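Single-structure report; data block below.
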Amino acid sequence: MPSFLKSAAADPQKQVSYPIAKETVVIGRNPHCDICLEDGAVSRLHARIRFDGERFTISDIGSSNGTFVNGQRIARPVVLYNGDRVRIGSGEYLFSTDSAKSQRAASLPNYSVGSAILDESLSKDSINFTSQVDLRNLEQFPMIRQPQVDLMKEIKVLHTKLDVMMSMMKNWGKVTNRRELLPEFFVNLLKLFPQADVVSILAPGEKTPRLKLVDYRLRTGRNETPVRISRSIPQYVFDNEKAIISGAPARDPRFNAKEDSVLKKDVYSAMAVPIFEGESQRPFAVILVESRTGESKFTDSDLDMLIAIANQMGLYSENLNYQQIRHQEEMLEKEMELANQVQIALLPDELPEFPGYTFFDYYRPAKSVGGDFYDFIRMPDGRLAVVLADVAGKGVPAALLSAKLSSDVHTALMFEKTPADALARINRVYHTRQLGQRFITMILLVIEPENGRLHLFNAGHDTPFLRRTNGNVDEVGFGKHGFPVAMMPEINCREVVIDLLPGDAFVMMTDGIPNAADGDQELFGPMRTRRFLERTEAVSPIDIGKGLIEEVRRFAGSAPQADDQCVIVVGRNAR
């Protein structure tokens with residue numbers, strides 16, 4: 001199911017396609033976004049596209065300049081359809097997908113329409129328009145009142161129509177499912193327009209803009225004899241986004257009554273109105289009302305009323321869309337909360353008690369769940385292993401992989417002879433599973449408790465820091481990294497041995513710390529981390545860790561956290 005955002009550049013060679021290849025895609029200027037747009041008008045975290053298995057929705061996530069769909073700024077999640085135009089910053093992008101549910105189709109249920117046949121023999125040019133109303137400029141077309149022969153009778157009719165309209169609107173407010181909407185809707189249309197014999201709703205098919213019949217009603221009920229309904233008038237209305245009223249189309253001299261099956265049924269008068277979506281302001285269906293008995297024609301006031309009904313129906317349909325999207329988001333939020341609880345349960349619930357050493361840990365995911373993982377594991381020979389890992393990516397996929405990593409790391413350290421063998425085993429497991437573009441950066445630190453000797457293995461992770469008791473700071477193992485886990489068949493990690501002296505602190509972190517950005521998109525960076533460790537007066541690992549986190553928070557200010565953050569500090573107590 002290929003899906004893309006394509007830049008709407010006029011020159012095809014300058015067009016850029018951004019794939020939407022997972023459930024949640026974040027768009028913004030931050031380099032860690034799934035779609036990174038280097039545009040000064042784009043916020044660091046600007047918009048989010050989600051796929052729930054059937055439909056795509058786009059939402060703005062607090063951007064400065066807003067997100068626009070088909071020219072309308074969105075204030076809540078909006079369903080994306082194939083061909084929609086999305087403006088983010090100064091760029092415009094075309095949403096493209098072959099997902100069947102994302103083709104612009106009816107927002108109404110496809111009923112079994114029984115014995116009804118769409119007739120296509122009427123051409124666009126053969127429709128005689130008595131009146132035509134542009135719904136985008138409705139105020140330019142004031143209501144045209146008909147001569148009032150009997151004022152009291154007219155008032156009584158208007159009261160009746162008002163009662164029907166009020167009842168219709170009241171009942172629509174209670175609708176929670178579109179299948180509840182149409183039956184009573186057709187009944188009320190027949191009440192509002194006494195001259196109507198057939199009322200129907202048509203909408204485009206899933207993969208074609210050609211209209212199909214959603215449902216219909218006859219004043220006389222459903223006939224076993226097929227009812228022929230012309231597609232030509234509603235198709236014109238849908239394509240041109242205009243409401244029309246047609247007088248006496250069956251007697252138009254341009255029509256060939258001998259070949260036109262609809263004319264044989266003597267369509268005396270007809271009116272049709274498009275139903276627009278609230279957000280995109282694009283039609284998704286057409287209401288067609290026909291008079292076939294020849295008793296009276298529809299009037300301009302009838303058309304005005306049908307336009308008002310169509311507008312309300314569009315609003316209610318859009319509200320149902322929003323309710324469904326919001327319900328899905330609430331369910332997803334609950335699931336994410338549960339996933340967060342599960343992930344926290346997999347992390348150490350307390351720091352290890354290791355005589356002569358003090359530890360500090362900190363973990364904060366960018367989303368409800370994240371891809372950072374750490375653990376303290378006692379080895380059979382009495383040594384302590386400290387593991388810090390960062391799964392590429394964020395959110396649920398990264399969290400699932402980190403949860404699996406927790407079990408695999410324990411198993412490897414228990415059964416392999418050396419830490420290097422354990423790391424090689426983990427790499428083989430994940431490389432053979434072909435994780436696509438996903439990989440895992442990891443630090444494996446093994447502590448010998450008696451002499452404070454540290455054995456460091458770095459698989460593509462950020463370089464850790466060693467802060468000596470005299471305030472000197474070194475980057476440990478710089479240039480001796482191996483490949484990240486799962487990237488290559490062999491990880492090629494070189495062991496680095498360090499002596500942790502009393503009062504020293506060994507500081508490890510995931511890239512959410514150096515990559516923390518302020519409001520101007522400037523990164524905290526490893527140099528600021530080093531400078532903090534050099535100038536801090538903190539001595540204990542706990543104070544050092546808390547101080548580093550506070551330094552990052554002050555630097556980022558109100559800017560949102562873009563990546564998972566994890567810090568581990570190992571300190572050897574001063575004698």
Side-chain angles (χ1 to χ4, degrees), residues 346-359 361 371-392 401-435 438-466 475-501 504 506-510 566 568-572:
L346 294 174
L347 297 176
D349 54 359
E350 59 184 12
L351 293 170
E353 293 183 3
F354 211 55
Y357 295 83
T358 301
F359 300 89
D361 63 348
D372 287 1
F373 162 75
Y374 71 96
D375 204 352
F376 303 96
I377 304 169
R378 291 186 180 272
M379 301 176 67
D381 59 7
R383 294 183 295 174
L384 179 71
V386 183
V387 181
L388 177 62
D390 184 357
V391 178
L401 200 53
S402 69
K404 180 72 173 71
L405 184 64
S406 171
S407 171
D408 291 338
V409 168
H410 276 263
T411 301
L413 287 172
M414 290 299 106
F415 289 97
E416 296 296 333
K417 293 181 179 180
T418 68
D421 292 338
L423 201 54
R425 171 175 175 162
I426 294 168
N427 183 68
R428 285 195 302 272
V429 169
Y430 285 89
H431 184 264
T432 56
R433 287 178 179 171
Q434 298 181 345
L435 304 179
R438 291 196 177 276
F439 57 86
I440 306 166
T441 66
M442 181 187 299
I443 283 179
L444 174 58
L445 183 73
V446 178
I447 306 172
E448 295 183 13
E450 293 81 5
N451 55 23
R453 184 156 294 167
L454 307 181
H455 301 265
L456 173 68
F457 300 85
N458 189 331
H461 201 84
D462 285 70
T463 304
F465 293 90
L466 175 63
E475 294 183 55
V476 182
F478 184 79
K480 296 184 179 181
H481 301 68
F483 293 114
V485 172
M487 181 173 283
M488 303 292 288
E490 300 295 333
I491 200 165
N492 295 331
C493 270
R494 285 182 282 176
E495 181 180 14
V496 178
V497 179
I498 317 107
D499 287 326
L500 191 67
L501 304 176
D504 291 348
F506 189 80
V507 183
M508 302 176 285
M509 67 203 70
T510 56
C566 185
I568 304 294
V569 183
V570 178
R572 189 176 181 188

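The structure displayed is predicted, hence computed values, not measured ones.
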Start with the C-alpha distance between T510 and T441, add both sets of side-chain angles, then the distance that settles side-chain contact (heavy atoms from CB on, under 4.5 Å), and finish with yes or no.
CA-CA 9 Å; T510 56; T441 66; over 6 Å; no
OG1 (T418) and NE2 (H455) are apart, to the nearest 0.5 Å, by 11.0 Å
If we ignore angles and hydrogens, is there a donor and acceptor under 3.5 Å between the side chains of E490 and H431? no
Between I443 and the options T463, D462, V386, N458, the side chain to side chain contact (heavy atoms under 4.5 Å, CB included) test singles out N458
* Asked: Between the side chain of D381 and the main-chain N/O of R383, is any donor-acceptor distance below 3.5 Å?
  -> yes
In this structure, OH of Y430 is separated from CG of D408 (nearest 0.5 Å) by 3.5 Å
In this structure, CZ of F359 is separated from CZ of F506 (nearest 0.5 Å) by 12.0 Å
Side-chain heavy atoms of T411 within contact of R425, under 4.5 Å: yes
Of D390, L388, L405, the one forming a side chain to side chain contact (heavy atoms under 4.5 Å, CB included) with M442 is L405
Here the pair of heavy atoms bringing P352 nearest to L384 is CG-CD2, 4.1 Å
Report yes if some heavy atom in the side chain of D375 is under 4.5 Å from a heavy atom in the side chain of V409; otherwise report no.
no
Here the gap from L413 atom CG to L423 atom CG, rounded to the nearest 0.5 Å, amounts to 9.0 Å
Residues G460 and H481: closest non-hydrogen pair is N-CB, 4.2 Å
Q) Can you tell if the side chain of N427 reaches within under 4.5 Å of the side chain of F483, non-hydrogen atoms only? A) no
Separation between CD1 (I498) and CG (L445), nearest 0.5 Å, reads 6.5 Å
Sequence neighbours excluded, the answer for side-chain hydrogen bond (donor to acceptor under 3.5 Å, both in side chains) partners of Y374 is D361
Between E448 and Y357, the two heavy atoms sitting closest are O-OH, 3.4 Å
Of all heavy-atom pairs linking V507 and M509, the shortest is CG1-CE, 3.8 Å
Here the gap from I440 atom CD1 to I426 atom CD1, rounded to the nearest 0.5 Å, amounts to 8.5 Å
Scanning both residues in full, the closest heavy-atom pair of A385 with M379 reads CB-SD, 4.0 Å
Query - Donor-acceptor under 3.5 Å (R572 side chain, L500 main chain) - result: yes
